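Report on one structure; see the data block that follows.
Atoms considered below: every heavy atom in the structure, side chains included; atoms not considered: hydrogens, waters and symmetry mates. Quick caveat, the model's predicted, so the values are computed rather than measured. Letters A, B, ... mirror the listed sequences (proteins, then strands); counts begin at 1.
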Amino acid sequence: MRSLRYVGKHPNVVLLETCKTLKQIKQIHTQMLINGLFTDLKMLGQFVSAVALKQPEYIDYSIQVLEQCERPPLAVLNSLMRAHYKIAKPCKSFYFYSRIVKSSHNLKPDNYTFTFLIRTCAQLFVEETSMAVYGSVIKYGFDVDPHVRSSLISMFAELGLLGFSKKIFLEIFEPDSVTSTAMVSASAKSGDLVSARELFDRMPDRDLATWNAMMAGYVQWGQAREALDLFYLMQSEGVKVNEASMVSVLSACAQFGALDQGRWAHNYIEKLRLRVDVTLGSALVDMYAKCGDMDKAMEVFWSLKEKNVYTWTSAMGGLAVNGFGNECLELFARMKHAGVEPNEVTFVSLLIGCRVVGLVEEGQRYFESMSNVYGLQPSIEHYGCMVALYSSAGRLDEAISFINSMPIKPHVDAWGALLNACKIYKNKKLGKLAFKKIVELEGGARGTYLNFMRTGRGEVSQVTEVWDCSTTEANGEVHKFFIGDKSNPRQAEIKKKMEEISQRLKLAGYVANTISVLFDIEEEEKENATCVPVKNLRVCSDCHHVTKMISEIFDREIIVRNTNSSYHFTNGECSCNGYW
DNA sequence: TTAGGGTTAG
């Protein structure tokens, strides 16, 4: 009689991976015990690994089961190391490493062990420990293993030792493809995009992971154009993309506010029948939200079976910056109800949500709940949000006393929010103070908030480069414009259209408020400059006003997005209801 | 049964 053999996982183990509760896991455990399956050490190993890796919240139960085993196999101990660094418990991971090296039945760490040990070290973030582990790797002879090497490279990069990796792994041996990919990824993550790309271009056998690492690097460092160009290159070279590639593509579209390209990417995902898991789903929600299509963002959001803190936070952030503050707060309540723990970013979204509808007291309560209820430490961003919250609501005195009571030094954005409010609420004295602080902090180098200065040209002329950039998408193509920039090939047509807009604005009674646009350009040019509708800086009052008018005159919906808000202009009104 | 590449704010 032929004995029953399973190819791959035992059906019970497959079932185990879909368990939602500890009770279900225990049931399967009991069943496997009754069926005598655990006499096979391999089966016990499968059980422990499956629970630890797929159901990390019940990892302790898997350890209990492991303890019943006198001689746990190496693979299981390795899996437990991996499971623990995955749930950010590096010390436990070290513990299982010690179980391996001190085992009474002569276990020897293998290449898997070191891969996981190195990842554990990266999490601990202690250079001495990392170097000690590197020593062990060499001692055991695993420094030649591509996977171990690749983990070492990313660990060194995280420690800020990218150059060390380059010396060891690029200069001495000809790197294999796994090592090269790791180096591309590590360089890209560290922001060294130029050398990442050089290495990438030199690689004879780039696989999908290499392309994805390069693209992700561009996205992470805000180079959406390069990321999309790389994606087009991928397409033209016939490289088959996967979910991770599309996450980066969507993120690039989100950075650009490129709705048409984002929609195309969504269709493409469906066409390829890629699996829209929680990560890809969150990226979709974020893309639609950042491109201002909140209806579609929420449609995707509700269609997702699994939602994690990223998904909820993206949707909340989208609602908040698009002016739906109450909906943002409501979503937060639902998130808690769903049992998803908020993180620091969630509170940024929530506080922006409070600001856009002027809910100061609610904002205060949420801010306090961060440490009191959720054990989260408010960061400079949260303090900045609070200043913006008081400022937008016109409660300037509270804003300044909040700034004065802050335990951390306020950063330029906090003063910027206050300065903006001072302009709207015409508080010259506080405005001057805020401006002074900004110049102190930045020396005017970034020039971000200088367009809010009201005192005329003299003071601002000391400020050298005012940097302002706008992007806009037309027919699936993204265009970038800088102030005073005439390099666009269709400049003549653009100029003509701008003139038409100017003319019609003038007919409608518009007079450019050039005082708030203090760039190093001629007076006539200034008037034109105020008409550019999409800005990366905070939308100034003139832009706000003029965009309202354009939306009415040309009967167009206009979505303007900048670093911290989106504005929807229709029929001469703006979605911000005055809170901007 | 275990290894590389992925998302959120400012």
Among the candidates [options], find the nucleotide nearest to the side-chain atoms of [X].
| X | options | answer |
| --- | --- | --- |
| Ala216(A) | dT8(B), dT2(B), dG6(B) | dG6(B) |
| Thr313(A) | dT8(B), dT1(B), dG10(B) | dT8(B) |
| Tyr310(A) | dG6(B), dT2(B), dT8(B) | dT8(B) |
| Tyr112(A) | dG5(B), dA9(B), dT2(B) | dT2(B) |
| Leu280(A) | dA9(B), dT1(B), dG6(B) | dG6(B) |
| Ala209(A) | dT2(B), dG5(B), dA9(B) | dG5(B) |
| Glu243(A) | dT8(B), dG6(B), dG4(B) | dG6(B) |

Base, sugar-phosphate alone, or nothing: which one does [X] contact when heavy atoms must sit under 4.0 Å apart?
| X | result |
| --- | --- |
| Asp277(A) | base |
| Thr181(A) | base |
| Gly45(A) | base |
| Leu74(A) | nothing |
| Asn78(A) | base |
| Ala182(A) | nothing |
| Phe116(A) | base |
| Leu250(A) | nothing |
| Ser177(A) | base |
| Lys189(A) | sugar-phosphate |
| Ser282(A) | base |
| Glu344(A) | nothing |
| Ala244(A) | base |

Please report whether the ring centroid of [Y] lies less than 6.0 Å from that of [X].
| X | Y | value |
| --- | --- | --- |
| Trp211(A) | Phe231(A) | no |
| Tyr366(A) | Phe347(A) | no |
| Tyr383(A) | Phe367(A) | yes |
| His84(A) | Phe96(A) | yes |

Taking atom types as they are modelled, would you say the side chain of [X] forms a donor-acceptor pair with the base of [N] within the 3.5 Å cutoff?
| X | N | value |
| --- | --- | --- |
| Ser49(A) | dT1(B) | yes |
| Asn242(A) | dG5(B) | yes |
| Asp207(A) | dG4(B) | yes |

How many Å lie between [atom1] on [X] and [atom2] on [N], as a whole number?
| X | N | atom1 | atom2 | result |
| --- | --- | --- | --- | --- |
| Ile118(A) | dT2(B) | CD1 | C1' | 15 Å |
| Asp286(A) | dG6(B) | CG | C1' | 13 Å |
| Ile269(A) | dT7(B) | CD1 | C1' | 12 Å |
| Leu350(A) | dG10(B) | CG | C1' | 16 Å |
| Gln377(A) | dA9(B) | CD | P | 22 Å |
| Phe231(A) | dG6(B) | CZ | P | 17 Å |
| Gln220(A) | dG10(B) | CD | P | 17 Å |
| Met81(A) | dT1(B) | CE | C1' | 16 Å |

Discussion item. With a 4.0 Å limit, can you tell me whether Ser251(A) has a side-chain N or O closer than that to the phosphate oxygens OP1/OP2 of dT8(B)?
Written reply: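 Indeed, a polar side-chain atom of Ser251(A) lies that close.
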
Worksheet item: Looking only at side-chain N and O atoms, does Lys54(A) come under 4.0 Å of OP1 or OP2 in dT1(B)?
Response: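 So the side-chain polar atoms of Lys54(A) never come under 4.0 Å of the phosphate oxygens OP1 or OP2 of dT1(B).
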
Worksheet item: Do side-chain atoms of Asn322(A) reach the backbone of Gly318(A) as a donor and acceptor pair under 3.5 angstrom?
Response: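 Yes; judged by distance alone, with no hydrogens or angles, the pair exists.
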
Worksheet item: Can you list the residues that meet the ring pair (Phe, Tyr, Trp, His ring centres under 6.0 Å) rule with Tyr310(A), with sequence neighbours excluded?
Response: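 Once residues adjacent in sequence are excluded, Tyr310(A) has no partner under the ring pair (Phe, Tyr, Trp, His ring centres under 6.0 Å) criterion.
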
Discussion item. Taking the basic N atoms (NZ, or NE/NH1/NH2) and the acidic carboxylate oxygens, is any pair closer than 4.0 Å for Arg149(A) and Asp145(A)?
Written reply: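 Looking at Asp145(A) together with Arg149(A), the answer is no, because their closest N to O distance does not fall below 4.0 Å.
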
